[in-house]
Undergrad: 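Just passing along the structure, written as structure tokens.
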Amino acid sequence: MAKAPLTLLLDFDDQVRRDRAQPATFLHRRDRRFALACEADKQNPDAEHWLDYLARLSHSRGREVPDRDPRLKPWRRIALVFAGLGAMLGMLAMLGLLYYDGSQQINVTVILAFIFLQLLLAIFTTAQSFLGWRPWSGLVKTLQRRLGQGPADESGSTILEQLQPQLAARAAHLGGLVFGLFGLVTLLFLIVVQDLAFGWSTTLDTAPGSFHSLVAAVASPWQQLWPAAVPSPELVSESRFYRLDESAATLAPTRWGDWWPFVAMSWLVYIVFPRVLLLLLTVSHLRLRVRRLLASHPGRIALQYRMETPALETGTGPADSADQPDLSTGLAVAEVPSSRVLVRWAGATVPDEADLLDGKNSLTVNAGGANSLQEDQRVLEEVRGYLDGDRRNVLLATRSWEPPTGELSDFLEEARECWPNDSLIAIVPLHNSLAEPPPDHQLGQWLRFAERRPDLRLRICHPFRSLNASGIDGARFAVSGGPEIYS
Amino acid sequence: MTGVNRTPVFAVVGHPNKGKSSVVATLSQNDAIAIALEPGTTRSRQAYPLTVDGEVLYTLVDTPGFQRPRRVLAWLEAHSISASDRAETVAAFVQQHRDDPRFHDECELLTPLIEGAGIIYVVDGSVPYSAENEAEMTILRWTGKPNLALVNSIGSDDHSAAWVAALGQFFQVVRRFDAVRAPFDQHLSLLKAFGQLEPGWEQPLERATLHLSQQRAQRRKDAARLTAQALEDMLSRRETRTLTANQAASLSTETLAEELRQLWYQYQRQREQTLRLAVEHLYQHTRITRQEAELTWHNEHDLFSEDSRQAWGVSRSYLTTAGFGAGAVGGVSIDALTLGHSLGAGALIGGLIGAAGSFYYGDRLTLSALKLGDWHQGLQTASFGPVQDSQFGYVVLGRAVDHWWRISQRNHAGRDPLDLEPTESHWLTRLDRASRREIQRAFDLCRKKRGLDTASRQRLAHAIEAAFDAYDEWQLNSH
């Protein structure tokens with residue numbers, strides 16, 4: 001069943017409020033999928049379809065009786081109160097107007113004045129609704145609070161508050177219509193059960209001709225349809241009465257009641273019909289306002305954007321940030337051992353080479369990097385020739401910032417096979433110069449590399465070795481009597 | 001084969017520990033990718049697709065670094081006869097060594113290439129150039145795939161010129177790209193450069209950059225809306241407590257005021273943190289460590305500290321002029337009602353009232369006092385808030401805009417904690433008058449417990465967008 005426009009608007013507003021707490025990316029994905037589904041089904045992606053789609057996905061059955069929207073309960077109650085009051089007041093007003101104790105005729109002038117006052121009030125109610133003026137809004141709020149139907153939060157006006165002028169006008173016109181109908185029924189009932197004597201009277205110096213012109217003008221809408229309901233000049237002339245003039249009583253008693261068709265038609269045409277028309281107008285206006293509010297609803301504009309704009313997903317893919325490598329190490333940076341062999345690995349340059357090597361008859365060779373594997377093999381054999389007697393230490397200079405790779409592991413494995421088992425291999429990760437120690441994180445990767453290798457005679461060395469066991473975090477000092485660099 | 005109709009795939013390859021994962025994290029806006037200054041953090045290849053309505057426009061593949069390039073090259077050279085069989089030989093190498101643990105990393109990084117991926121070769125431009133990596137560059141050239149070299153910067157030194165010159169001999173395109181600091185425009189420019197590598201890739205990459213630009217614009221709007229909502233919530237917050245006669249008698253006014261004040265403070269801090277998280281999630285930052293005092297009462301950068309007020313508050317003259325503007329807008333309705341017969345007096349009077357209000361409330365350090373309601377059916381309501389100090393709104397706004405700016409500028413490769421230090425000057429002075437007025441008007445409505453209607457909320461969000469612009473411009477000019 002299609003939703004009533006107002007229920008649709010309220011449902012939409014509720015959904016937009018619920019969506020406020022949702023992440024924007026989720027909303028975009030959800031609504032874009034809906035738009036694409038509509039496109040595939042050749043459906044219009046309007047608000048009603050959207051709400052149905054969401055309700056379907058949530059297995060929500062929606063409101064089974066659209067006219068019984070609980071959010072509109074206060075307004076239904078207000079309309080009911082207006083209708084009840086209208087019925088009661090309609091009867092009372094007509095009984096009052098037709099009060100006849102036999103001493104005096106019922107004054108048609110008073111009835112006409114009352115009818116036009118009612119018409120004026122009906123027009124005023126409509127104007128108020130169109131202008132959006134709400135002098136009674138405080139009263140409605142109080143009523144809503146009493147009924148426990150107040151807005152959920154104090155911030156801002158709800159969508160229903162914006163429709164208050166139209167909703168109130170609808171209730172007022174309904175009350176006015178019931179008032180008119182009950183007044184008419186009371187009139188007809190009294191006409192049947194009583195003999196009503198109508199006449200007209202006024203303090204003003206008005207000739208019967210003028211009064212006839214007035215009632216003829218009033219009766220003009222129905223003079224073709226029901227000529228008997230238009231008072232004749234004779235009736236007007238003869239039914240004038242003065243409170244202190246007894247001569248008026250000379251009119252035949254049957255003629256006093258001839259005014260009733262005019263009174264009934266005036267009531268019908270100037271109270272009941274305008275209320276019907278204005279009620280229809282107010283209902284149309286309410287629907288128009290509801291449609292406009294829905295069309296200009298900020299949530300609708302945002303929804304439109306989400307439906308029209310493709311959903312972009314960039315952050316998907318494996319998430320492994322929690323799987324961080326273990327950066328701890330039990331090794332420390334050792335002192336550089338005495339050696340006369342230096343292997344420069346993968347282009348490592350040693351500006352202060354002489355400071356590292358042990359005097360005369362030393363060997364400096366290049367390995368890794370741009371060397372071929374055969375050249376590396378030749379280097380291993382050449383170094384083996386230098387490892388004699390008790391001088392079996394080899395320095396392997398590396399660039400501290402280049403991480404140790406599988407190629408270095410392979411080279412060390414081959415070296416271990418080629419060189420004497422008790423030879424010590426000292427990896428020296430170098431920064432820009434010997435005087436400049438590498439940053440902690442660079443030294444750390446070399447220490448962990450050495451720790452992972454099953455080689456007890458492999459060291460990570462530097463002219464500035466670490467003081468503490470962690471090797472990288474504590475204060476450092478210069479060994480070999482060198483100047484202290486930093487602490 | 002790189003078929004024209006195939007979705008572009010880019011394998012980000014290189015030496016270990018040169019920032020490959022950082023490049024992927026930034027370009028895929030994914031801060032869940034593991035990044036560490038430790039070789040071997042990436043052990044296997046991972047694909048990060050960019051999809052639009054479920055359609056993949058391109059995929060970035062993060063790979064481990066080369067471990068034994070010379071051995072691989074030696075194998076390739078030993079199995080190749082001519083240049084025409086090189087790509088096949090690379091594929092044969094992967095096929096043969098798939099289960100060999102020594103070549104695990106090489107197989108992982110070469111697999112996407114033999115499946116048709118383009119090459120994004122990453123080097124670190126902050127360390128000196130070395131010709132030692134030529135073996136891996138040669139292997140990549142053997143794959144015959146479209147290629148681009150990226151000079152990333154991990155450290156503070158700059159050797160990028162030497163790298164650019166050298167890499168130009170091996171790669172079709174060489175670009176500098178700092179994965180942690182590159183602004184968003186550079187991300188788009190780089191993606192467009194990826195598209196230039198192969199004719200069939202240009203169109204999907206163009207589409208991707210267009211969607212990314214639109215997404216960024218929308219995120220800005222969403223961030224402004226979130227900020228407006230938080231401001232409204234925080235500024236109109238009122239703590240209430242209903243007391244029975246016994247409770248009213250046993251609690252002193254001071255104790256009750258302190259209790260409600262603490263609840264109010266707690267709400268404000270929590271609401272601010274909710275906004276922080278919402279903005280971060282909007283920009284797909286889900287793992288940020290923030291260095292911003294939130295619940296530490298005595299911190300100098302706390303929401304309610306005098307330091308924050310000094311940093312983010314506005315001057316009294318600013319408040320007065322903004323208050324005049326906001327009041328004048330209200331006063332215009334009087335002129336409209338009299339069809340202009342009041343000759344603008346409504347606007348003037350409204351403006352003066354607004355200015356006076358802002359001047360009066362603008363420099364009060366005290367928060368709202370406790371308000372005790374009338375007794376009703378044996379119950380009394382005590383309330384605290386909303387805050388009457390106009391500066392409070394500007395402090396919240398200033399902190400929110402600053403946080404938004406840092407998040408919107410932050411790349412997903414960034415792993416440093418986000419330090420939200422207060423600034424030293426008032427950026428809001430760059431904001432246009434209409435936006436100032438809207439902000440002040442919204443603050444006044446919240447202060448007076450009137451709440452904002454939908455249109456006012458929208459206007460506030462627009463004004464906050466203008467504030468984002470003003471802050472952006474201020475940051476650009478001040479750094």
Side-chain angles (χ1 to χ4, degrees), chain A residues 20 23-25 28 32-33 36 153-157 159 161-162 296-299 302 305-306 309-327 346-347 368-374 376 399 401-407 409-410 432 439 441-442 444-445 448-449, chain B residues 15-17 28-41 46-54 65-71 74 102 105 124 127 130-132 134-135 155 211-212 214-215 218-219 222 229 232-233 236 278 281-282 284 287 412 446 449 451-454 456-458:
Chain A
R20 272 192 205 166
T25 44
H28 194 178
R32 179 64 181 168
R33 282 196 68 168
L36 291 174
D153 52 54
E154 289 183 5
S155 62
S157 57
I159 211 92
E161 278 175 25
Q162 294 180 54
S296 64
H297 196 291
Y305 176 84
R306 294 198 296 268
T309 316
L312 188 63
E313 299 270 351
T314 57
T316 55
D320 56 0
S321 63
D323 187 19
Q324 294 284 339
D326 182 7
L327 298 182
N371 269 19
S372 68
L373 295 169
Q374 290 76 17
D376 278 2
R399 294 169 153 188
W401 61 84
E402 291 293 355
T405 59
E407 283 195 342
S409 294
D410 294 348
N432 294 329
H441 72 269
Q442 291 180 3
Q445 65 181 355
R448 287 186 287 277
F449 171 73
Chain B
H15 210 61
N17 227 23
S28 66
Q29 301 185 16
N30 188 336
D31 66 353
I33 297 175
I35 295 171
L37 285 170
E38 180 69 6
T41 304
Q46 310 276 18
Y48 297 92
L50 178 137
T51 62
V52 173
D53 290 341
F66 280 102
Q67 289 293 333
R68 294 174 171 86
R70 289 186 305 155
R71 284 190 188 277
R102 285 187 314 150
D105 289 4
D124 180 10
V127 299
S130 159
E132 312 300 321
E134 286 184 8
H211 287 304
L212 284 166
Q214 287 172 346
Q215 184 193 52
Q218 186 57 31
R219 281 177 177 174
D222 289 342
Q229 186 60 52
E232 187 187 343
D233 291 348
S236 54
H281 285 192
L282 185 64
Q284 291 179 209
R287 288 169 175 78
H412 291 75
C446 293
K449 290 183 276 184
L452 303 183
D453 58 20
T454 311
S456 303
R457 258 186 219 122
Q458 270 184 310

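The chains referred to below are lettered A, B, ... by the order of the sequence lines, with proteins before strands, and numbering in each begins at 1.
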Undergrad: Hey, what do you get for CD (Glu313(A)) to CG (Asn30(B)), rounding to the nearest 0.5 Å?
TA: 11.5 Å
Undergrad: Which atom names give the shortest non-hydrogen contact between Glu132(B) and Ala346(A), and what distance separates them?
TA: CG-O, 3.2 Å
Undergrad: Do Asn17(B) and Gln445(A) pass the side chain to side chain contact (heavy atoms under 4.5 Å, CB included) test, and can you show the C-alpha distance, the side-chain angles, and the key distance before you say yes or no?
TA: CA-CA 11 Å; Asn17(B) 227 23; Gln445(A) 65 181 355; 3.8 Å; yes
Undergrad: Checking Asp222(B) against chain A: side chain, backbone, both or neither under 4.5 Å from a heavy atom?
TA: side chain
Undergrad: Under 4.5 Å heavy-atom distance to chain A, tell me which part of His412(B) shows up: side chain, backbone, both or neither.
TA: neither
Undergrad: Evaluate Gln214(B) against Thr309(A) for side-chain hydrogen bond (donor to acceptor under 3.5 Å, both in side chains), listing each step before the verdict.
TA: CA-CA 9 Å; Gln214(B) 287 172 346; Thr309(A) 316; 5.8 Å; no
Undergrad: Looking at every non-hydrogen atom in both residues, tell me the closest pair between Gln458(B) and Pro298(A) and how far apart they are.
TA: NE2-CB, 3.9 Å
Undergrad: Tell me, side chain or backbone of Leu36(A) under 4.5 Å from chain B's heavy atoms, or both, or neither?
TA: side chain
Undergrad: Tell me, side chain or backbone of His281(B) under 4.5 Å from chain A's heavy atoms, or both, or neither?
TA: neither
Undergrad: Enter the distance from Ser130(B):OG to Arg399(A):CZ here, rounded to the nearest 0.5 Å.
TA: 3.5 Å
Undergrad: Between Pro403(A) and His15(B), what is the shortest heavy-atom contact and its length?
TA: CD-CD2, 4.4 Å
Undergrad: Which atoms of Ser372(A) come close to chain B, meaning under 4.5 Å heavy atom to heavy atom: side chain ones, backbone ones, both, or neither?
TA: backbone
Undergrad: In a check of salt bridge (Lys or Arg N to Asp or Glu O under 4.0 Å) between Glu407(A) and each of Arg102(B), Arg68(B), Arg70(B), which one passes?
TA: Arg70(B)
Undergrad: Name the region of Tyr305(A), side chain, backbone, both or neither, that has any atom closer than 4.5 Å to a heavy atom of chain B.
TA: side chain
Undergrad: Counting only non-hydrogen atoms closer than 4.5 Å, does Ala135(B) touch chain A with its backbone (N, CA, C, O), its side chain (CB onward), both, or neither?
TA: neither
Undergrad: Report the distance from atom CG of Leu312(A) to atom CD of Gln215(B), rounding to the nearest 0.5 Å.
TA: 4.5 Å
Undergrad: Quick check: closest heavy atoms across Val52(B) and Pro310(A), and the distance to 0.1 Å?
TA: CG1-CB, 3.1 Å
Undergrad: With a 4.5 Å cut-off on heavy-atom pairs, point out which of Gly54(B), Pro69(B), Ser456(B), Ala47(B) contacts chain A the most.
TA: Pro69(B)
Undergrad: Identify which part of Asn371(A) has an atom lying under 4.5 Å from any heavy atom of chain B, answering side chain, backbone, both or neither.
TA: both
Undergrad: Name the region of Arg33(A), side chain, backbone, both or neither, that has any atom closer than 4.5 Å to a heavy atom of chain B.
TA: neither
